Number of protein chains: 2
Amino acid sequence: MQKGNAAYIKTVNKRLILQCVIEEDAVTRAAIAKKLSLSKPTVSALVSDLIRDKWLVETGSMAASKEGGRKPMSLTFNAERSYIVGIDIGGTNVVLGITDLNGNVCAHREFPTQQHLDFNLLEEIKRNVESMKDQLRIKHSDILGIGTGIPGVTNIDKGVVIEAPALRWNNYPIRERLTEIFHLPVFVDNDVNNNVLGEHWKGAGKEKDNIVYIAIGTGIGSGLMINGHLYRGSNYGAGEIGYLVTDKNVAQKYHPVHRGYGFLESVAGGSAISMQLSERLQDNITSKEAFALYADGNKDAIEIVDEALENLAIGITNYVSLFDPELVILGGGVSGSFSIIHKKVMDVMKRYAPQQCEVVRSSFGEEAGIIGGAALFFNEYEDLFN
Amino acid sequence: MQKGNAAYIKTVNKRLILQCVIEEDAVTRAAIAKKLSLSKPTVSALVSDLIRDKWLVETGSMAASKEGGRKPMSLTFNAERSYIVGIDIGGTNVVLGITDLNGNVCAHREFPTQQHLDFNLLEEIKRNVESMKDQLRIKHSDILGIGTGIPGVTNIDKGVVIEAPALRWNNYPIRERLTEIFHLPVFVDNDVNNNVLGEHWKGAGKEKDNIVYIAIGTGIGSGLMINGHLYRGSNYGAGEIGYLVTDKNVAQKYHPVHRGYGFLESVAGGSAISMQLSERLQDNITSKEAFALYADGNKDAIEIVDEALENLAIGITNYVSLFDPELVILGGGVSGSFSIIHKKVMDVMKRYAPQQCEVVRSSFGEEAGIIGGAALFFNEYEDLFN
DNA sequence: TATTAGGTTAGTTAAGTTTACTTACTAATT
DNA sequence: AATTAGTAAGTAAACTTAACTAACCTAATA
């Protein structure tokens, strides 16, 4: 717990004022004072500090109220004061971009991961960031810091990637490496966690404080926000929905669990679907193709995909039973098959869960990782606004 | 977010000092100043306030350090300054008691619920509290308030029991009723939630901030603490482990979910075990007797109990996979069968979960509800120490 | 129609309050 | 003499209150 002193209360009140302005877009000093029950002089003094430090700008006087009175001066958050670099290092591609303080992606880049992975990955990132800086005509000092997402388990406090099979990283101190290169504050977390933060900041989870984000792809992962805070678990291991057991008997037969791969993934993950259908049809079928065949009415595809989806839906339903979220967001490679999955989940949830819960698709496409990275930075950087 | 002002920082610092004293039992002003990085005069002033208000007492001077110097004066938390009433209104019995501020149960009472339920339940509670007050020779003003546990879904903000089948209560405004009778601040929550708070305060969960408490009885329920805060869910519905689906095929056949009763309960709850074995043996077998027969090697008992425990263990394992807690506490009517359940859970967790987690039995017996109620009060009462 | 008095809202200035901190002290001990 | 515990007096930083100026509206009035 933070000890109380004069500086602390000033920081707290400044934060509150900024929050106020960000939420309501254009507000006046008087409105802030009323809303926060702070005195007018206090608000004026703090706002003057915030204007001096470029966090706020006066955007002209507004119309006076009908009962008369001096025209109020509107205040606006200066989202272009600084910028944040958001990076998503995926197994296939590295997606990175620069956002303003409102989370608008001002520039973005993308390059394939594997051909740089063991060679010059960080240099390639640096090169792309420099290129974006040139494009936006911003200086190094305009960038507050960097948020990065990784497909794996990450110790966010130390900035070390504990394990990321897709990148073949084990105990890789990525924060240290990136800091050496950029000389900026860097944060790193699991990509799904970043997605939750991004959805909470700018996406479907705005205004909601209890959110589950489920990423369905090759494997199945999830991130969860509780009481407005990302919950990472005691060992950075929360949200391992891929390990849920939804079918006792099948689980007993398969004994599927080995390091990095759980039961639900083994029956409902993209590669599981692809593998099963490939075997059945004696062909090479991707999970995307499996969903296409499913839509076409292919009997084998329907059987296999239905079985997978039933397990997935039970997993999600179990999540809802335990966690009672306000919202479930489905992300990952589900864009095409969302409506199929959504229907199944709603049916199963209705059948088995004690309460129902909205289920929506993720709000962002290609930019999810960039916004997520920036959201991570926003979430973690303590000195923001100081 | 709380706005900052002078009164607020004083409250914050007083809280920190009290916390310091409670944690370390006997400390000096100098030690507090060092630990909290507050100046010595500040600590002295706040301590003097706290002594005036009877929260702290000076308990005599301690030995000086070996390097010389004035003898320090030790400060101790005055746990007998005030008392809290803890009540657990169970389906069978009402258990209630008075605790001091350290959570020691100073007096307790118990009476059967049903014969007073529709008649004079609250009067009976009042009578017992008065009797305890006489016994302890404390005045009404010595009692800070009341914390109550209920076997059902509770809106803690309004103090209304939404649904408690065992008490036949629906939308019952119990806080209002108890306040009318006692003229004290009252808080009400689900009994399992109170158990979590109690274990965190005084039991197995001390110093741990991510805890799952699973109550196994007629039904199966759970409460969870995340980042040191009880998590109740978006609709007061978090922790419904009784609704988990652990066996897709059996679930499809049974279609077990109706209001207030979930799949896992229907296959692994006490009444489920009792019912199944009773049918098999054409006799009236309680779940307790079922576990006794299990221990005796009865083949039918083993078959049924094993099946139930396997499902229960998968449910708990799923919980661990999703929440990555520091600790799982098993409570409810498991005292006799704990070691059997524990073994099963550890085996299944090892097999299916991505990480392991300690599993222990609950720390309290009869007093769980009393300590839980007091813990709820402690947790919710904002004006504490003001 | 133009003017003006009275009322209202926005924001500032000045004085006062509360709190913590700093510096310098006394107290008590090895 | 050195060291540690705790106190006293004065200072600094943040807030609040009260009174003020600035700017505007309404409506009565000339």
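Just so we're clear, the structure is a prediction, and the values are computed from it rather than from any experiment. Chain naming here is simple, since letters A, B, ... match the order of the sequence lines and numbering starts at 1 in each.
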| message | Within a 6.0 Å radius of atom NZ on B/Lys3, are there more than 12 heavy atoms belonging to other residues, nucleotides or ligands? | response | yes

Distance-only donor-acceptor check, side chains [X] and [Y], under 3.5 Å:
{"X": "A/Thr28", "Y": "A/Ser74", "answer": "no"}
{"X": "B/Tyr236", "Y": "B/Asp157", "answer": "yes"}
{"X": "B/Glu199", "Y": "B/Ser363", "answer": "yes"}

| field | Nearest-0.5 Å distance, CG of residue B/Asn13 to OH of residue B/Tyr8 | value | 10.0 Å

To the nearest Å, give me how far apart [atom1] ([X]) and [atom2] ([N]) are.
{"X": "A/Asn5", "N": "C/dT19", "atom1": "CG", "atom2": "C1'", "answer": "10 Å"}
{"X": "B/Met73", "N": "C/dT29", "atom1": "CE", "atom2": "C1'", "answer": "14 Å"}
{"X": "B/Tyr8", "N": "C/dA20", "atom1": "OH", "atom2": "C1'", "answer": "16 Å"}

| Closest nucleotide of DNA chain D for A/Arg70 versus for A/Ala7: which of these residues is on the 5' side? | A/Ala7

| query | Taking NZ, NE, NH1 and NH2 as the nitrogens, is one of them in B/Asp324 or A/Arg232 under 4.0 Å from a carboxylate oxygen of the other? | reply | no

| Residue whose nearest DNA chain C nucleotide is more 5′ - B/Thr11 or B/Lys71 | B/Thr11

| query | In terms of the nearest nucleotide of DNA chain C, which residue is placed more toward the 5' end: A/Pro72 or A/Lys3? | reply | A/Pro72

| message | Determine whether the aromatic ring centres of residues A/Phe323 and B/Tyr231 are separated by less than 6.0 angstrom. | response | yes

| task | Look at the side chain of B/Asp189 and the backbone N and O of B/Asn193, then say whether any donor-acceptor pair between them is shorter than 3.5 Å. | result | no

| query | Which is the 5'-most and which the 3'-most nucleotide of DNA chain D that has an atom under 4.0 Å from a heavy atom of chain B? | reply |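 Boundary nucleotides touching chain B, in 5' to 3' order, are D/dT3 to D/dT16.
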
| field | Members of residues 19-48 of chain A that approach DNA chain C, where some heavy atom sits under 4.0 Å away | value |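 Heavy-atom contacts with DNA chain C come from A/Thr28, A/Arg29, A/Ala30, A/Lys40, A/Pro41, A/Ser44.
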
